[in-house]
Amino acid sequence: MITKAPGIEDIFPDKSAQWNHIITSARESFELFNFREIVIPVLEFTDLFVRGIGTDTDIVSKEMFTFEDRGGRSMTLRPEGTASVIRAYCENGEYNRRNICKFYYLGPMFRAEKPQRGRLRQFNQLGAELIGEDDPYYDYEIIALVDTISKKIGLTSYSILLNSIGCKEDRRRYTDDLKKYYSGHLTELCESCKTRLDKNPLRLLDCKETRCAALKDGAPVITDYLCEDCSLHYGKVKNYLDKAGILYTETPYLVRGLDYYCRTTFEFVTDVLGGQNAFAGGGRYNQLVEELGGAPTPAVGFAAGMERMMLMCSEETFKKYTLDAYIVHTEQSFEKAIEIARTLRDAGLRVDIDPVAKSFKAQMKRCDRENASFALIIGEDELSEACCTVKNTTNGEQKKIAFDKLAQTLYNELQRSNYTG
Ligand code: HAM
């Protein structure tokens, strides 16, 4: 048997109600905030992510699925959506059409991480990018959007971590001091952090190794290095959140694992997921458009992991999938049964039928397994009387209904039972 590759999952129909609920809640929320969908490719030139995300990040240095195509070009399965959205924005000259672009996207991303609960190699993100404005209102709007999506989905136990990592100049001054601090603890660092120290000291704050994580507590904090503009910007983001009653925890070591960020960074975290506690993250990135060949254009955005949100949803919130009717027939009534199935489906009812006329008992068992609201029995008597015996599987009531009244009667009954719960 060929199995799926490690870190890659199937979603079976028993989970798809939950899956679709997440997608529907997200789409509805995106529209509430006037974001429009952009569909971006799964495969891009590797260079896009190297330049966009940063050579020294974990994603680019060790997690990308990269291969050479038949033309000898280096291609990569997208590890995230932001770089592709910005590439598309620049390539299609979107900036000529509107000052502010509000895009959202959904789909699979690929990172060769060590698989564990909530950490996959193929996972799905839903995300949004707002391009063209530096106003702190928009940083607030993105955070409010993630909060709205989370609430619409029904997620309850989560909190928001917030930080500002300032502008390039702030980070230069900060990383100088960070280097000095960690240089004094060189022997205590893990091997990867020793090499990161010169190239990209901010990444040391992300390291999950216990000895490096412990050192973080004594490190300088970025918010002490913010210039007046960045400090003001951060203050305004917090002010908008306060006014909206959106609670957050200031977390000065939250630098995020991608190099494109500046100013606001945030994460939505929960205890429900164990090791993988962030289910959404994002922030401002004012240099990426320029980095990828466009004119200097500020932007802010987020992405959320759909599998992680699935793990946070309680199953009780979802209606179990039900079939409206299952048709039980005999060999002689099969032709009529097909006709009835077609009429009912045309009327918008969910109907199933087995072409082989098994025993009455076997068909009723299948009706039960399919969780059908009604069993429609068409035997010899019913055929001669031009009617169906309709059994309500919830209360066991049975009545005969003429074929030509069936669709309307079932529809009314289903409406009534939906209404009464
Ligand atoms: P990220 O924090 O790398 O940010 O990913 C966002 C979310 O994707 C995470 O919070 C997590 O829920 C999910 N995720 C990431 N890796 C995995 C994995 N291996 N398995 C399962 N879920 C995962 C970004 O991707 C940025 N592009 C977000 C952004 C958009 N920033 C600005 N705009």
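Counting starts at 1 for both ligands and their atoms, in listed order. Heavy-atom basis, side chains included; hydrogens, waters and symmetry copies ignored.
The existence of a salt bridge linking Arg342 and Glu339 is excluded, since no basic side-chain nitrogen approaches an acidic carboxylate oxygen closer than 4.0 Å. For the pair Lys152 and Glu28, the salt-bridge criterion is met [side-chain N within less than 4.0 Å of a carboxylate O]. Salt-bridge check for Glu129 with Lys102: failed, with every basic side-chain N at 4.0 Å or more from each acidic carboxylate O. A salt bridge links Glu113 to Arg119: one of the charged nitrogens lies within less than 4.0 Å of a carboxylate oxygen.
Atom 14 (N) of ligand 1 has its closest protein heavy atom at Phe123 CE1, 3.5 Å. Among all non-hydrogen protein atoms, the one lying nearest atom 31 (N) of ligand 1 is Tyr261 OH, 2.6 Å. Nearest protein neighbour of atom 8 (O) of ligand 1, counting heavy atoms only, is Gln125 NE2, 3.1 Å. Protein heavy atom at the shortest distance from atom 13 (C) of ligand 1 is Gly305 CA, 3.6 Å. Remark: minimum distance from atom 27 (N) of ligand 1 to any protein heavy atom is reached at Glu80 OE1, 2.6 Å. In terms of protein heavy atoms, atom 21 (C) of ligand 1 is closest to Gly118 O, 3.3 Å. For atom 11 (C) of ligand 1, the nearest non-hydrogen atom of the protein is Arg308 NH1, 3.3 Å. Counting protein heavy atoms only, atom 30 (C) of ligand 1 is closest to Thr82 OG1, 3.0 Å.
For Tyr104 and Phe35, the ring centers sit 6.0 Å or farther from each other.
Against a heavy-atom cut-off of under 4.0 Å, Gly282 is close to the following atoms of ligand 1: 31 (N). Atoms of ligand 1 lying under 4.0 Å from at least one heavy atom of Ala278, given by number and element, are 10 (O), 11 (C), 12 (O). Interface atoms of ligand 1 facing Arg119, defined by a heavy-atom separation under 4.0 Å, are 19 (N), 20 (N).
Only the side chain of Glu113 comes within 4.0 Å of ligand 1, counting heavy atoms alone; its backbone N, CA, C and O stay farther away. Contacts between Glu129 and ligand 1, counted as non-hydrogen atom pairs separated by less than 4.0 Å, involve the side chain only. Contacts with ligand 1 closer than 4.0 Å are made by side-chain heavy atoms of Tyr260 only, the backbone lying farther away. Only the side chain of Arg256 comes within 4.0 Å of ligand 1, judged by heavy-atom distances. Under 4.0 angstrom from ligand 1, there are no non-hydrogen atoms of Pro79.
Considering backbone and side-chain N/O atoms, Phe279 comes within less than 3.5 Å of an N/O atom of ligand 1. Note: no N/O pair closer than 3.5 Å links Gly81 and ligand 1 by distance alone. The distance criterion of under 3.5 Å between nitrogen or oxygen atoms is met by Leu120 with respect to ligand 1. Distances between N or O atoms of Arg111 and those of ligand 1 include at least one value under 3.5 Å. The N/O atoms of Phe302, backbone and side chain alike, include one that comes under 3.5 Å of an N/O atom in ligand 1. In terms of polar-atom proximity, defined here as any N/O pair under 3.5 Å, Tyr105 makes no such contact with ligand 1.
Assignment of Ala280 to the shell around ligand 1 is supported, since a heavy atom sits closer than 4.0 Å.
With a 6.0 Å cutoff to the six-membered ring centre and a 45° limit on the axis angle, Lys236 does not count as a cation-pi contact of Tyr234.
Here the shortest heavy-atom pairing between Cys212 and Cys190 reads SG-N, 3.4 Å.
For the residue pair Ser373/Thr322, the side-chain donor-acceptor check at 3.5 Å is not satisfied.
Within 6.0 Å of CG in Leu247 there are 12 or fewer heavy atoms belonging to other residues, nucleotides or ligands.
Using bins of under 30°, 30° to 60° and over 60° for the plane-to-plane angle, the ring pair Phe266/Phe268 lands in the perpendicular bin.
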TODO: Could you go through the side chain to side chain contact (heavy atoms under 4.5 Å, CB included) check for Ile401 and Thr389 one step at a time?
DONE: CA-CA 6 Å; Ile401 296 170; Thr389 297; over 6 Å; no
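A side chain to side chain contact (heavy atoms under 4.5 Å, CB included) with Ile153 is found for one member of Gln18, His21, Met312 and no other, namely His21.
Side-chain contact between Tyr240 and Glu141 is absent, with no heavy atoms from C-beta onward closer than 4.5 Å. At a threshold of 4.5 Å between non-hydrogen side-chain atoms, the residues Ser157 and Asp271 do not count as touching.
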